[in-house]
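Remember, it's a predicted structure, so these values are computed and weren't measured experimentally.
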Amino acid sequence: MHTAIAALCVAATALAADVVGVGVVPHLLVLACFFESVGVGSVTVGRMLAVVGIAAVVVRYRPGSIDRVRLDRRIWIPVAVLVTVQVATGLWAQDTAGWLFALGQTALALAFFATFATLVRTPRQVRGLLRTYVLGASFAVVVGCAQALTGARAAGLQGDANIYAMYQVAAVPAAVTLAATSDGPRGRRAWAATVVALTASVVASESRGGYVALVLTAIVLAVQRTRPELRVRVFLALAAAIAVVGWAGASTSDRFDLSRIENDRASGRFDIWVVAWHTFTQHPWTGVGAGGFKRISVQMLTTDPGVRLVDSHLLLLPDGIEVHSIYLEALAERGLLGGVGLSWLLVATTYVLLRPATWWRDPRLAALPAMLAAFASASFFLSVPNSKLLWMLVGLAAAVGVDRPQSAPAPRRGSSDAPGTSSASTEEPA
């Protein structure tokens, strides 16, 4: 049943690509960020759309297309290194099933990366994707607030309040950039109101990691968008806003109470991080293999000195516990090479997004580095190496780092243009 659904999605995408093009596919993948828990059985929307994305790439670059794939080597090389290390850990992985599951996650991540890296060709497309992302996050605001009204934490359709908060925080710089670059006052006011709603949704999630990410992302935005002579005023205003948001969070939930954080060891994260670090020090070069930490986590949590399980509410799940930090997970499961590979990827992506090619100069692209900052800070508290947000931004970096001339899209079947010829594009660079 699930295979049939995936095959139907591929066939539908191939047919649609021949008729109307594949430009809509990246937008669908963006929206998938906000529907992570929705699916048919074990086949989620994200998995189906990953297959759709690959099908769209194949259709877009089928034989006879005038376009050829060009990716920034500053991005695809660290991606290749990271994937190679992930695969190589299978040689010594202590949990083969966990390793295979991790490989499946890597394949989904690469599908998202390939879709954005190869199908996004112009600054105008990036602007459209930012709007789609903010609109998806706005829908998640409605869902999250409805959940909060019932007394639950806002989790949207992601199924996890902390992941929900991460995606909402990442939408803030996109909305700020759209407000700053909007043509009319109505547009500016509408996007500015969206920023307020997004901030409220982060508070409603009661995610402490999300709040930290919100603060750091706001600082990045202030540095990016402020002239040097105004930065002191902006930082003072920002500090006041952060204090208000923090007070709102503390007054609505005791999860922000420092004594509770100390008593429950940040919901057990302190203990998990200690165990993950010990795992890395025991296997510094190789790690325990991709996907292997969960299998040994319960045993280590019950035997490692310094772990206070009682204060952590005995967070011993039947299948084990994730590291709850993308950085410590890389070290524990893939060793020093895994940690270096992840750091290399994040640094390279940040550099490329901050310094795009001449062809990609556009004020709206300033949102992308801040969105990456939101992910990088929130993922310190989450094990999300296959995050759709991360691989969307890495894919966009691989595209925007290439200084390509304007080119027309590949001719569709039945077009009067012969393969191998091109005409001037009607789209002007912004």
Side-chain angles (χ1 to χ4, degrees), residues 2 36-37 39 41-44 46-47 50-51 78-114 158-160 162-163 166 268-269 271-304 307 315-346 375 378-391 394:
H2 298 159
E36 288 194 329
S37 64
S42 61
V43 182
T44 61
R47 293 177 182 177
V51 177
V79 168
V81 169
L82 200 62
V83 173
T84 300
V85 172
Q86 184 95 333
V87 174
T89 61
L91 297 175
W92 56 81
Q94 300 181 15
D95 182 7
T96 303
W99 175 70
L100 290 174
F101 180 78
L103 283 190
Q105 289 186 316
T106 301
L108 293 174
L110 288 177
F112 272 71
F113 165 74
Q158 280 93 347
D160 182 278
N162 297 307
I163 294 177
M166 177 182 70
R269 278 182 174 81
D271 289 331
I272 299 169
W273 291 345
V274 167
V275 167
W277 179 255
H278 289 171
T279 302
F280 165 64
T281 57
Q282 293 169 10
H283 309 274
W285 299 108
T286 62
V288 295
F293 179 80
K294 288 183 67 175
R295 178 175 177 269
I296 64 172
S297 61
V298 172
Q299 178 184 358
M300 295 196 67
L301 282 168
T302 55
T303 58
D304 252 27
V307 173
L315 295 179
L316 301 180
L317 304 179
D319 298 326
I321 306 173
E322 293 180 335
V323 180
H324 286 82
S325 173
I326 191 175
Y327 307 103
L328 283 174
E329 179 182 84
L331 291 172
E333 295 189 349
R334 299 183 290 279
L336 189 61
L337 285 179
V340 170
L342 176 62
S343 301
W344 182 9
L345 178 65
L346 292 175
F375 169 82
S379 62
F380 187 87
F381 308 92
L382 295 168
S383 292
V384 284
N386 65 324
S387 168
K388 298 174 182 62
L389 173 62
L390 170 64
W391 291 99
V394 173

Return the set of residues passing side-chain hydrogen bond (donor to acceptor under 3.5 Å, both in side chains) with E322 (not counting sequence neighbours), or none when no residue passes.
none
Relative to the ring of F381, is the ring of W273 parallel (under 30°), tilted (30 to 60°) or perpendicular (over 60°)?
tilted
Which pair of non-hydrogen atoms, one from V87 and one from W99, has the smallest distance, and what is that distance?
O-CZ2, 3.3 Å
If you measure from NE2 on H324 to CD on E329, what distance do you get to the nearest 0.5 Å?
10.0 Å
Quick one: ring pair (Phe, Tyr, Trp, His ring centres under 6.0 Å) partners of F280, sequence neighbours excluded?
W277
What heavy-atom pair brings A50 and L108 nearest, and what distance separates the two atoms?
CB-CD2, 3.7 Å
Minimum-distance pair of heavy atoms, taken over all atoms of I272 and V323:
CG2-O, 3.3 Å
Less than 4.5 Å apart, any side-chain heavy atom of L345 and any of V79?
yes
Nearest heavy atoms of F293 and V288, plus distance in Å
N-CG2, 4.0 Å
By side-chain contact (heavy atoms from CB on, under 4.5 Å), A114 pairs with (sequence neighbours left out) I54
Point-to-point distance, once rounded to the nearest 0.5 Å, from CG of L342 to CD1 of I326:
5.0 Å
Smallest separation among heavy atoms of A102 and G291, with atom names
CB-N, 4.0 Å
When you look at T279 and L328, which way does the side chain to side chain contact (heavy atoms under 4.5 Å, CB included) test go after all the steps?
CA-CA 10 Å; T279 302; L328 283 174; over 6 Å; no
Once you round to the nearest 0.5 Å, how far does CG of L390 lie from CZ of F113?
10.5 Å
Let me confirm one number: the CH2-CG distance from W344 to L337, rounded to the nearest 0.5 Å.
11.0 Å
If I take atom CD from residue Q105 and atom CZ from residue R47, how far apart are they, to the nearest 0.5 angstrom?
8.0 Å
Which atom pair, heavy atoms only, marks the closest approach of A276 to A332?
O-CB, 3.7 Å
Using ring pair (Phe, Tyr, Trp, His ring centres under 6.0 Å) as the criterion, list what pairs up with Y327, not counting sequence neighbours.
none
Could you measure the distance from the CD1 atom of I296 to the CD atom of E333? Nearest 0.5 Å is fine.
8.5 Å
Taking C-beta and beyond as the side chain, do H278 and V274 meet within less than 4.5 Å on heavy atoms?
yes
I would like to know whether M166 and N162 meet side chain to side chain contact (heavy atoms under 4.5 Å, CB included); could you show each step before the answer?
CA-CA 6 Å; M166 177 182 70; N162 297 307; over 6 Å; no
Ignoring hydrogens and angles, write down the donor-acceptor pairs under 3.5 Å from the side chains of residues 88-95, residues two or more places apart or on other chains.
from: T89; atom 1: OG1; to: Q86; atom 2: O; distance (Å): 2.7
from: T89; atom 1: OG1; to: A290; atom 2: N; distance (Å): 3.2
from: W92; atom 1: NE1; to: T286; atom 2: O; distance (Å): 3.0
from: D95; atom 1: OD1; to: A97; atom 2: N; distance (Å): 3.3
from: D95; atom 1: OD1; to: G98; atom 2: N; distance (Å): 3.3

For E36, check side-chain contact (heavy atoms from CB on, under 4.5 Å) against everything at least two apart and list the hits.
Q158, I163, Y167, K388
